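Report on the following structure.
All values below were derived from every heavy atom in this structure, side-chain atoms included, with hydrogens, water molecules and symmetry-related copies excluded. Nothing here was measured: the structure is a model prediction, and the numbers come from that model.
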Amino acid sequence: MYRKSFILFLSLLCAAFLGGCATADTVKIASFEAQISTIIDSIEEINDDMNAVDTDSGSADVKMLAYMKDLSAAIDKLAALEVPSSDYQYVNDLALEAQEYMSEALTLYSQILSTGAEYDPDVAETAFAYYEKACRRVSVIVSLLHGNTPSDVEITYE
């Protein structure tokens, strides 16, 4: 009788423990998804603002640089998210790459717009290439979160 009671108690304890872990994981994943959704919404809003800048205005370069800084900060937040499970590891990997590329783009754009700097089309081209790479990684993250794997991207799941 004692042995059956002990086994029943042990079984219930394991079930409660495993159920608690599943609940904790579910809460972590839900929190992660809410955070990433907020960041992606912010990135989309910044993108809309960037596209709305009148490039013929005298303040276009200042506005664009400010939006680039906002975009860089949003990507930094994306890269800083704690990934709740290996199912989302691609988010961290791609976000870290996007963060690196965006940092390079921002540095180069700041250099281009610094007071007294001579415009260098090669630097501008390189900055834009880094910007595009950062944006592409964010785009891939969004696609993957929606369950779509872009055909031009090779993703490995470990």
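Nearest heavy atom pair, residue C135 against residue L71, reads SG-CD2, 4.4 Å. Taking every heavy atom of both residues into account, N92 and A79 meet most closely at ND2-O, 3.5 Å.
Residue-environment remark: CD (E132) exceeds the threshold of 12 foreign heavy atoms within 6.0 Å.
A donor-acceptor pair is defined here as one N or O able to donate and one able to accept, closer than 3.5 Å; such a pair exists between the side chain of S143 and the backbone of S139.
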> Checking side chain to side chain contact (heavy atoms under 4.5 Å, CB included) for the pair F32/K28: CA distance, chi angles, key distance, verdict?
Replying inline: CA-CA 6 Å; F32 171 78; K28 284 181 182 178; over 6 Å; no
>> Checking I112 against D120 for the side chain to side chain contact (heavy atoms under 4.5 Å, CB included) test, could you report, in this order, the C-alpha distance in whole Å, the side-chain angles of both residues, the deciding distance, and whether it holds?
In response: CA-CA 7 Å; I112 291 168; D120 184 342; over 6 Å; no
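No continuous path of hydrophobic side-chain contacts links Y131 to V62 [ILVMFWY only; heavy atoms under 4.5 Å]. Taken together through direct or relayed side-chain contacts under 4.5 Å among Ile, Leu, Val, Met, Phe, Trp and Tyr, L113 and Y67 form part of one hydrophobic cluster.
In this structure, I36 and Y88 have side chains that are not in contact, with every pair of non-hydrogen atoms separated by 4.5 Å or more. Looking at L94 and L144, their side chains come closer than 4.5 Å, going by heavy atoms from C-beta outward. Using a 4.5 Å heavy-atom cutoff, the side chains of Y130 and T107 are not in contact.
Judged purely by distance below 3.5 Å, without hydrogens or angles, the side chains of E33 and S37 never pair a donor atom with an acceptor atom.
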For residues 44-60, tabulate all N or O donor-acceptor pairs below 3.5 Å that involve a side-chain atom, not counting sequence neighbours.
{"from": "N51", "atom 1": "ND2", "to": "N47", "atom 2": "O", "distance (Å)": "3.2"}
{"from": "D54", "atom 1": "OD1", "to": "D56", "atom 2": "N", "distance (Å)": "3.1"}
{"from": "S57", "atom 1": "OG", "to": "D54", "atom 2": "O", "distance (Å)": "3.0"}
{"from": "S57", "atom 1": "OG", "to": "A60", "atom 2": "N", "distance (Å)": "3.3"}

Pair up each side-chain donor or acceptor in residues 96-106 with any protein partner under 3.5 Å, not counting sequence neighbours, and list the distances.
{"from": "E97", "atom 1": "OE1", "to": "R137", "atom 2": "NE", "distance (Å)": "2.7"}
{"from": "Q99", "atom 1": "NE2", "to": "D76", "atom 2": "OD1", "distance (Å)": "3.0"}

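Applying the salt bridge (Lys or Arg N to Asp or Glu O under 4.0 Å) test to residues at least two apart or on different chains, none of the pairs has a partner in residues 57-72.
Atoms CG and OG1, on L78 and T38 in that order, are 11.5 Å from each other to the nearest 0.5 Å.
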